[in-house]
Each structure stands twice: as C-alpha cells, then as structure tokens.
Amino acid sequence: LAKTTQPISMDSYEGQEVNITCSHNNIATNDYITWYQQFPSQGPRFIIQGYKTKVTNEVASLFIPADRKSSTLSLPRVSLSDTAVYYCLVGVLNNAGNMLTFGGGTRLMVKP
Amino acid sequence: EPEVTQTPSHQVTQMGQEVILRCVPISNHLYFYWYRQILGQKVEFLVSFYNNEISEKSEIFDDQFSVERPDGSNFTLKIRSTKLEDSAMYFCASLRDQTYEQYFGPGTRLTVT
C-alpha cells in the first residue's frame with residue numbers, strides 16, 4: 001500500500017474554499033485515490049474517489065496531477081458542519097474487497 | 001438512503017467477558033468489514049468478509065476475535081475474552097462492488113472495565 005502524507009490540521013473560515021493536499025510518492029499504476037470524512041463519534045464517510053485528472057461530485061472535487069504523486073481535495077465554500085477529519089487513502093482494488101488503511105488524516109476546523 | 005446499522009451503540013463489559021457486536025449491512029452489499037478506533041487514534045482495519053469467509057485480517061484480529069454472518073442480514077463480531085485494551089469504537093462497513101466506497105455504520109462504543 002502506498003504511504004500517504006497529509007497535513008495534521010488546517011483552519012478555515014465559513015464560506016472559504018479549502019484545499020487539502022495529500023502526497024503519495026510511491027503510488028502504483030493500479031492504485032486509486034480515495035478520500036473519507038469522519039465527524040467525531042461517527043464512522044468514516046466516503047467523499048470521493050479518482051484515478052487521474054479531475055473528479056467532481058456534489059460534495060467536493062479531487063485534483064490529481066499527471067504524475068499522480070499527490071492529490072488535492074477541494075471543498076468549496078465550507079461551513080461549520082464541514083469541521084471533521086479528512087483521510088486520504090491510496091490502494092488497489094482487488095477481488096476480495098478492499099480493506100481501508102487509514103492514516104492520521106487532516107483535522108479541519110472551520111471557524112465562523 | 002440505505003444505511004448500515006449497529007447494535008448496541010454502547011456496551012460496557014468486564015474484563016474476561018465475551019461480547020458480540022452486531023451489524024446489519026446494506027442489503028445488496030457483498031463485502032463486509034470490521035474496523036476499530038481507539039479514542040484519539042487512527043481507524044484500524046480488523047477483518048474483511050466475502051462469500052461467507054474471511055478474506056483478509058489484520059494482526060489485531062487474533063484468536064480472541066471471530067466473525068459470523070449467521071443469516072442473510074446480520075454480521076457479527078465476537079470477542080471471546082475481552083481485555084482492557086479492547087476498549088474502542090467498533091465500526092462495521094459494507095461494500096457493494098469493487099470500489100473503495102465503503103459504507104460505515106455509526107459504531108459501537110465498547111468499554112471494558
């Protein structure tokens with residue numbers, strides 16, 4: 001599994017765009033990049049997944065450069081309820097289902 | 001939207017006792033998981049289950065742990081003889097197909113005294 005590095009914490013204000021970058025220098029050809037969100041005392045929640053270039057859904061955008069050695073999760077116009085821990089995960093899909101290996105994540109604090 | 005449910009939400013037990021944590025995955029999902037999170041620490045993978053058998057397990061998942069899917073809906077985690085260090089949040093997750101979009105339950109907080 002490729003190791004990921006992301007900032008331990010970030011602060012932002014309501015209405016701002018937040019970009020969280022994750023480094024994964026040893027990403028393999030078959031690896032996908034996935035981001036999860038976790039609120040206190042809740043289970044992680046899938047946000048977005050991508051392989052290359054840009055992926056966008058109703059919650060976030062994921063930017064992946066051509067070399068795929070990093071990725072950036074972009075949260076547009078954050079609100080107080082976006083305060084959570086955000087995890088970047090990298091791994092290959094396999095036939096037996098895919099265990100998730102969580103790192104420490106980035107603790108995002110959104111202030112009023 | 002369908003969701004994974006877990007019971008109980010909080011379980012208190014004495015050291016050495018057996019506990020069973022229960023999960024109802026999303027009905028058309030095929031892959032099932034248990035994770036745990038000790039307070040203030042990372043989410044850790046315990047075990048994955050597919051086609052009625054364990055497909056992967058971590059070093060944490062020793063002989064004291066077992067999983068079962070006794071019927072078409074429940075997925076259980078049993079800890080035979082609990083230790084103080086088993087105190088954690090235990091999350092069940094399920095997955096429909098070969099993606100990383102696992103759906104997590106709300107967790108069971110296990111407190112071993």
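Below, chains carry the letters A, B, ... as their sequence lines are ordered, and counting in each starts from 1.
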Trainee: Would the number of heavy atoms belonging to other residues, nucleotides or ligands and lying under 6.0 Å from CG of A/Asn57 be above 12?
Mentor: yes
Trainee: Please name the pair of heavy atoms, one in A/Gln49 and one in B/Glu101, separated by the smallest distance, quoted to 0.1 Å.
Mentor: OE1-N, 4.4 Å
Trainee: Where does B/Gln6 contact chain A at under 4.5 Å (heavy atoms): side chain, backbone, both or neither?
Mentor: neither
Trainee: Tell me whether the count of non-hydrogen atoms from other residues, nucleotides or ligands lying under 6.0 Å of CZ in B/Arg80 goes above 12.
Mentor: yes
Trainee: Where on B/Tyr103 is there a heavy atom nearer than 4.5 Å to chain A: the side chain, the backbone, both, or neither?
Mentor: neither
Trainee: Give a yes or no on whether B/Leu84 atom CG has more than 12 heavy-atom contacts from other residues, nucleotides or ligands under 6.0 Å away.
Mentor: yes
Trainee: Do B/Phe104 and A/Leu100 have side chains that approach each other closer than 4.5 Å (heavy atoms only, starting at C-beta)?
Mentor: yes
Trainee: More than 12 heavy atoms of other residues, nucleotides or ligands under 6.0 Å from NZ of B/Lys83: yes or no?
Mentor: yes
Trainee: Side chains of B/Val43 and A/Tyr36: does their closest heavy-atom pair fall under 4.5 Å?
Mentor: no
Trainee: Within the supplied structure, the quantity of interest is the number of heavy atoms (other residues, nucleotides, ligands) at a distance under 6.0 Å from B/Glu85 CD; does it exceed 12?
Mentor: yes
Trainee: Evaluate the side-chain proximity of A/Met99 to B/Ser58: yes if any heavy-atom separation is below 4.5 Å, no if none is.
Mentor: no
Trainee: Restricting to non-hydrogen atoms, name the atom on A/Ser41 and the atom on B/Arg109 that form the minimum distance, rounded to 0.1 Å.
Mentor: OG-NH2, 3.7 Å
Trainee: Less than 4.5 Å apart, side chain to side chain, heavy atoms only: is that true for B/Phe45 and A/Phe102?
Mentor: no
Trainee: Should the heavy atoms of other residues, nucleotides or ligands under 6.0 Å from OH of A/Tyr51 be counted, would the total exceed 12?
Mentor: yes
